[in-house]
There are 2 protein chains.
Amino acid sequence: MRRSRAEKAVTHSKILSVAAKRFRERGLQGIGVADVMKDAGTSVGNFYKHFDSRDDLVMEALAESFKDLDTLEETVESLSAYMAEFMSDRHRDAPATGCPITAFAGEMAQASDGVRAVYTQRVKRTLGYYADHLKGGDAGARHARAILMLSAGIGALSLSRAVNDKALSREILTVLRKELTGLAERPLPAKRTAVVKRIATAKQAGAKKARAKSR
Amino acid sequence: MRRSRAEKAVTHSKILSVAAKRFRERGLQGIGVADVMKDAGTSVGNFYKHFDSRDDLVMEALAESFKDLDTLEETVESLSAYMAEFMSDRHRDAPATGCPITAFAGEMAQASDGVRAVYTQRVKRTLGYYADHLKGGDAGARHARAILMLSAGIGALSLSRAVNDKALSREILTVLRKELTGLAERPLPAKRTAVVKRIATAKQAGAKKARAKSR
DNA sequence: ATTATCTATAGATCTATAGATAATGC
DNA sequence: ATTATCTATAGATCTATAGATAATGC
């Protein structure tokens with residue numbers, strides 16, 4: 001039986017919501033259109049009235065899944081707290097609602113151009129978010145630290161989910177929680193211009209000379 | 001036409017060699033038995049005379065793919081050189097023969113127990129390899145740094161392959177090459193016992209007092 | 001006699017489309 | 001008249017098996 005346009009939009013949202021979860025849970029290649037539609041409480045035949053193709057669903061669901069990252073960013077009171085939550089048991093054990101950058105990192109190389117574009121945009125946004133919340137240094141140094149933190153974060157979260165050993169999984173999270181909260185809190189060294197560097201070098205040389213003399 | 005047992009072993013090796021590459025290239029779910037057999041130059045029907053199931057192939061091919069990690073470990077002259085190679089354009093652009101820990105990190109959570117067990121064993125071996133080549137610190141500190149390095153390494157390699165932006169991809173590799181070679185070379189601080197810590201604290205307090213006095 | 005390989009195919013599953021139904025929206 | 005949804009199915013693809021062929025190995 002036909003529903004209203006408003007109700008169609010609700011159906012559309014429901015499909016996206018389910019897909020955003022299932023794709024993260026089972027991988028972009030690990031779940032079919034039929035399963036998604038069933039979980040969304042509608043029929044397979046209805047799918048192509050909502051999306052042009054499966055890849056279209058992947059693209060929209062990917063964008064949808066990023067909303068959970070928005071929520072995390074909004075919920076948390078500092079970059080350090082963000083990192084603590086990112087490296088938590090809770091996050092490891094809830095991939096369906098967890099970080100999509102992590103969930104899809106390995107599959108993105110095989111994804112379509114459209115999907116990769118959506119993904120890449122969000123990687124850049126996240127790097128910006130990290131860099132904006134770091135202290136000290138210049139823009140380049142903050143950007144570099146952001147890259148390190150994102151790489152280490154998604155690598156550790158993936159590994160903690162991948163390994164079959166609970167103790168090791170916990171250890172990975174613990175080590176990286178400490179490391180990443182540290183990197184979030186510790187200010188970057190102030191930018192040293194060429195002149196400042198020359199002065200610092202001269203100071204060190206002078207101190208060394210003084211030590212040598214005093215012996 | 002039937003071949004000899006020795007020739008069967010060659011066929012088996014060929015299948016594994018192809019599968020080890022294709023799985024890394026396309027993902028564990030991204031390539032079928034028929035394609036592997038075709039690439040190996042043999043027929044689909046012959047597959048189940050070589051493996052009990054597709055999952056058996058995945059398990060053996062995963063073990064096979066780890067040989068490329070052995071080669072990297074053997075080729076390289078130091079952990080720092082290992083990290084430089086790991087974070088190279090060459091490695092990023094050759095996933096088929098590259099690090100399997102990276103290639104399968106995202107899919108491992110959905111893999112069978114057998115496959116995960118093989119994977120987990122190799123993660124532990126690799127952490128041991130890193131820890132053994134680090135300098136200074138105690139065993140725990142070296143293990144922790146190994147976890148950080150592996151996490152950051154596979155995360156960065158995955159991201160560099162995932163993003164659709166060449167400049168960002170290159171930047172990720174550059175930042176982490178510098179960071180990881182640094183972590184490989186920089187000795188860990190010597191273990192500080194409670195007594196040593198108390199002495200160090202006392203020294204600092206004394207120095208502070210002296211500075212205050214001299215003003 | 002055994003078996004390494006081949007061709008052929010069963011049976012499941014997946015994307016996508018066709019056509020019917022019945023309610024909405026003009 | 002349009003369209004949101006449904007049932008049914010076409011056509012491709014994937015894992016696994018059956019049975020034939022022809023060479024190996026005892």
Side-chain angles (χ1 to χ4, degrees), chain A residues 1-62 104 107 110-115, chain B residues 1-62 104 107 110-115:
Chain A
M1 322 128 220
R2 184 180 175 195
R3 307 252 176 90
S4 69
R5 291 224 174 109
E7 284 173 310
K8 184 182 182 181
V10 173
T11 303
H12 196 87
S13 295
K14 181 67 184 159
I15 297 169
L16 282 184
S17 160
V18 167
K21 288 195 190 87
R22 293 289 162 274
F23 282 137
R24 274 177 283 184
E25 210 167 56
R26 311 263 300 261
L28 294 178
Q29 301 172 315
I31 187 101
V33 163
D35 291 306
V36 169
M37 295 304 272
K38 193 178 179 182
D39 270 22
T42 183
S43 66
V44 208
N46 198 21
F47 180 80
Y48 292 88
K49 300 294 162 84
H50 283 272
F51 304 93
D52 285 343
S53 67
R54 185 186 190 279
D55 201 63
D56 241 61
L57 171 66
V58 171
M59 228 159 89
E60 286 195 42
L62 178 60
F104 304 128
E107 288 186 286
Q110 297 112 43
S112 72
D113 284 345
V115 172
Chain B
M1 324 127 217
R2 185 180 175 197
R3 308 251 175 93
S4 70
R5 292 221 174 111
E7 282 172 313
K8 185 184 183 183
V10 171
T11 302
H12 195 88
S13 295
K14 181 66 185 162
I15 297 169
L16 282 183
S17 160
V18 167
K21 289 194 189 85
R22 293 292 163 271
F23 281 136
R24 274 177 284 185
E25 210 166 57
R26 310 263 300 260
L28 294 178
Q29 301 172 314
I31 186 103
V33 163
D35 291 306
V36 170
M37 294 304 272
K38 194 179 179 182
D39 270 22
T42 182
S43 67
V44 206
N46 196 20
F47 179 79
Y48 291 88
K49 300 294 162 86
H50 282 272
F51 303 93
D52 284 345
S53 67
R54 185 186 190 280
D55 201 64
D56 240 62
L57 171 67
V58 172
M59 228 160 89
E60 285 195 43
L62 178 59
F104 304 127
E107 287 184 288
Q110 297 113 41
S112 71
D113 285 344
V115 171

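Every chain is numbered from 1, with letters handed out A, B, ... down the list of sequences. We use all heavy atoms of the structure for the numbers below, so side chains are in, but hydrogens, waters and symmetry mates are not.
The minimum heavy-atom distance linking A/Ala61 with A/Ala20 is given by the pair O-CB, 3.6 Å. Contact detail for B/Arg24 and B/Phe104: the closest heavy-atom pair is CG-CZ, 3.6 Å. The two residues A/Glu107 and B/Gln29 make their nearest non-hydrogen contact at OE2-OE1, 4.4 Å. A pairwise comparison of heavy atoms in A/Val33 and A/Arg54 identifies CG2-CG, 3.9 Å as the closest pair. Between A/Ser112 and A/Asp55, the closest heavy-atom pair is OG-OD2, 2.7 Å.
For the pair B/Glu7 and B/Val33, both in contact range of DNA chain D, the more 5′-proximal nearest nucleotide belongs to B/Val33. Judged by closest nucleotide on DNA chain C, A/Asp35 is the one of A/Asp35 and A/Gly45 placed further toward the 5' end. Comparing B/Ala6 and B/Ile31 by the nucleotide of DNA chain D that holds the closest heavy atom to each, the one mapping nearer the 5' end is B/Ile31. Place B/Asn46 and B/Arg2 on DNA chain C by their nearest nucleotides, and B/Arg2 ends up nearer the 5' end.
For the segment residues 52-60 of chain B, residues with any heavy atom less than 4.0 angstrom from an atom of DNA chain D are, sorted by number, B/Ser53, B/Arg54.
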Residue pair A/Asp39, A/Arg22: steps toward the salt bridge (charged side-chain N to carboxylate O under 4.0 Å, His left out) verdict: CA-CA 9 Å; A/Asp39 270 22; A/Arg22 293 289 162 274; 2.7 Å; yes

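Bracketed by its first and final contacts, the part of DNA chain C lying under 4.0 Å from non-hydrogen atoms of chain B reaches from C/dT2 to C/dT7 in 5' to 3' order.
Applying the side-chain contact (heavy atoms from CB on, under 4.5 Å) test between A/Glu60 and each of A/Asp56, A/Val58, A/Leu57 identifies A/Asp56 as the sole match. No option in B/Leu62, B/Val18, B/Ile31 other than B/Ile31 meets the side-chain contact (heavy atoms from CB on, under 4.5 Å) test with B/Phe23.
For the pair A/Gln110 and B/Glu25, the minimum side-chain heavy-atom distance is 4.5 Å or more. Using a 4.5 Å heavy-atom threshold, the side chains of B/Phe51 and B/Ile15 count as touching.
Using a 4.0 Å heavy-atom distance criterion, A/Ser4 is classed as a sugar-phosphate-only contact. At the heavy-atom level, A/Lys49 lies under 4.0 Å from base atoms of the strands shown.
Helical stems of DNA chain C (runs of at least 3 Watson-Crick or G-U pairs, donor-acceptor distances under 3.5 Å) are listed by first residue: C:1-24 with D:1-24.
Of the inter-residue distances, the one linking B/Thr11 atom OG1 with B/Lys49 atom NZ reads 13.5 Å to the nearest 0.5 angstrom.
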